[in-house]
Amino acid sequence: MSYTEAKQRYEALGINTEEALNKMKEVNVSVHCWQGDDVQGFDSKEALSGGIQATGNYPGKASTPQQLMQDIDKAFSLIPGKKKLNLHASYAIFEDEFVDRDKIEPKHFKKWVDFAKERGLGIDFNPTLFSHAMVKDNLTLSSPDETVRKFWIDHVKQCIKISEYFANETGEVCVMNIWIPDGYKDIPADRLGPRMRFKESLDEILSMPYDKTKVYVTLESKVFGIGLESYTVGSAEFCLSYSTKNGITPLMDNGHYHPTEVVSDKMSALLCFNEKVALHVTRGVRWDSDHVVLYDDETKEIMKEIIAHDALDRVFIATDYFDASINRISAWVTGVRNVKKAILTALLTPHAEMKKLQNENRLTELMLMQEELKMMPVGEVWEEYLKREEVEINPTKAILDYEKKVLVNR
Ligand code: RNT
Ligand code: ZN
C-alpha cells in the first residue's frame, strides 16, 4: 500500500494524515545520554549504584566524551524529528582540574553546550545522586548525617545553576529532574524521619533563586530499587504531594510502579492538577529493568493520553532505559523511534469522535472502533514521515556498519 492509499483510508475515518505529519514537527523527545555507556559517566570509576542496573556486556561501549558524542550523532541521524539531549551531572567533562559533585559548574559542561549548539539541540539535566562515595548507607538527601545531606544539597543547587546555563545558551527550557535512590532493603523503624529530611533538603534547594521560566525542576518517584526493596523515601505519594504543593513538576517513570499500575491511567489525573507533567519512558520487564522501549500497548496508550487531551505542550517526554546486552546505538534508535511511532499513532486516532461515543454510552461502537484502528496502515504514514525527515526506513544496515567500523575497534 502506498502513502496515498493509506491517506485515503484514514480520510474515510475523518483523519487527516497531513495534519498528523505536521503535528509531528512539534514533537520533541529528550534522549538520555546514559544509554551509550551503561550509566557510567566521566566523573568517577565507581560501579553503578542506587538500586539500578545495566546488565550485559555488548562490545563498543563509549568510554570518553568524544566516543559518546560520536555515538549520539550516529543514533540521532537515525531518529526522525526534534530531539533534546538529556545529560546527567556525572557526564561533566574535566580539563585539567577535577572537582567533586558539590562543586561542579557550568564550565564543566561547556563542551556539551558547544555540541548541542552546533546541532541545534536543547539540553535537559539531572543531578547524579548515585555511584558516589557520598551515598552513605544508601541515603543522600534524606541521610541522618548532616555532612552527607549538605554535600548533596550543594550538588543539586549547582545543577540548577548549570541548568540555567543550558537554557541561556541553547535558548530552550531545561528540564532538571531530581531522583534519589534513598531507601532500605528491610523494614525500617522510622519511615517518617527520612521523608521529613528529604522534604527539608528539597525546600533548602528550591529556596535558591532561579529563573522558573527557563528551568523546570521535576521530581521523580519510585516504588523500589534492587537492594532497597522494603522502603523508598521518594515514593509516589511523597513526590506527587511535594511537587504539587511546591509548584514543581512531577515526573513519572513507567518502570516505577507496581506491575499492574499504568502511567497511561495516571497521566490524566496529573493533568488535572499540574500545568506540566514529565515522563521517563521505559519498559519494565517484571521489575524496573529499563529494557528498550517497544511499540507496545502501554507506550501507545501513554502517548494516546497526551494527544487525546491536546497536552503535547504540557508533557515533557524523555526516554530512560539502559540495555548493555545489545548494540547501544540500536537501543537508542529503537526506543526513541518507538516513542515517536506511538505519538504518530495517537495523532492518527479520531479522539473527538471516540470521546463522543463514550459520552453517549455507545460502548459497543467504541470497542469496534478501537479494534478497527489497530489494523489501519499506520506503517505507511510512518514511512512517509521518515522519508520527509530524510531518515532511513530500516536502520539495521547503518547500525551494523557503524558497529563494524567504529564500535568493535574500541
Ligand atoms: C532510576 C530512575 C532514574 C535513572 C536515571 C539514570 O530508577 O529511573 O531516572 O534511571 O537518572
Ligand atoms: Zn527514570
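All ligand and atom numbering here is 1-based and tracks the order in the structure. All residue numbers in this chain count up from 1 along the given sequence.
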Heavy-atom closest pair, residues Lys266 and Tyr257:
CE-CD2, 3.4 Å

What are the atoms of ligand 1, with element, lying closer than 4.0 Å to any heavy atom of [X]?
X: His256; answer: 1 (C), 2 (C), 7 (O), 8 (O)
X: Ile52; answer: 1 (C), 7 (O)
X: Phe322; answer: 10 (O)

If waters are left out, how many protein N/O/S atoms lie within less than 2.8 Å of the Zn ion (ligand 2)?
4

Would you say ligand 1 has an N or O under 3.5 Å from any N or O of [X]?
X: Glu220; value: yes
X: Asp288; value: yes
X: Asn126; value: no
X: Asp253; value: yes
X: Lys222; value: yes

Would you mind reporting whether Glu380 and Arg9 have side-chain heavy atoms less than 4.5 Å apart?
no

Quick one, Asn246 and Leu202 - any side-chain contact, counting heavy atoms below 4.5 Å?
no

Audit row: Asn138, Asp182, side chain to side chain donor-acceptor pair (under 3.5 Å) steps and yes/no
CA-CA 6 Å; Asn138 296 322; Asp182 300 31; over 6 Å; no

Protein heavy atom at shortest distance from atom 10 (O) of ligand 1
Asp320 OD2, 2.8 Å

If you scan protein heavy atoms around atom 5 (C) of ligand 1, the nearest is His88 NE2, 3.5 Å

Ligand 1 contact on His280 by region, counting heavy-atom pairs under 4.0 Å:
side chain

Quick one: is the NZ or CZ of [X] closer than 6.0 Å to the six-membered ring centre of [Y], and within 45° of its axis?
X: Lys199; Y: Tyr242; result: no
X: Lys212; Y: Tyr210; result: yes
X: Arg149; Y: Phe151; result: no

Is there a donor-acceptor contact under 3.5 Å linking the side chains of Gln358 and Lys355?
no

Lys/Arg N to Asp/Glu carboxylate O, Arg328 vs Asp38, below 4.0 Å:
yes

Please confirm whether the backbone N or O of [Y] pairs with a side-chain atom of [X], one donor and one acceptor, at under 3.5 Å?
X: Thr128; Y: Ala89; result: yes
X: Asn327; Y: Ile329; result: yes
X: Ser163; Y: Met176; result: no

Does His32 have a heavy atom less than 4.0 Å from any atom of ligand 1?
no

Within less than 4.0 angstrom of ligand 1, does Tyr321 place any heavy atom?
no

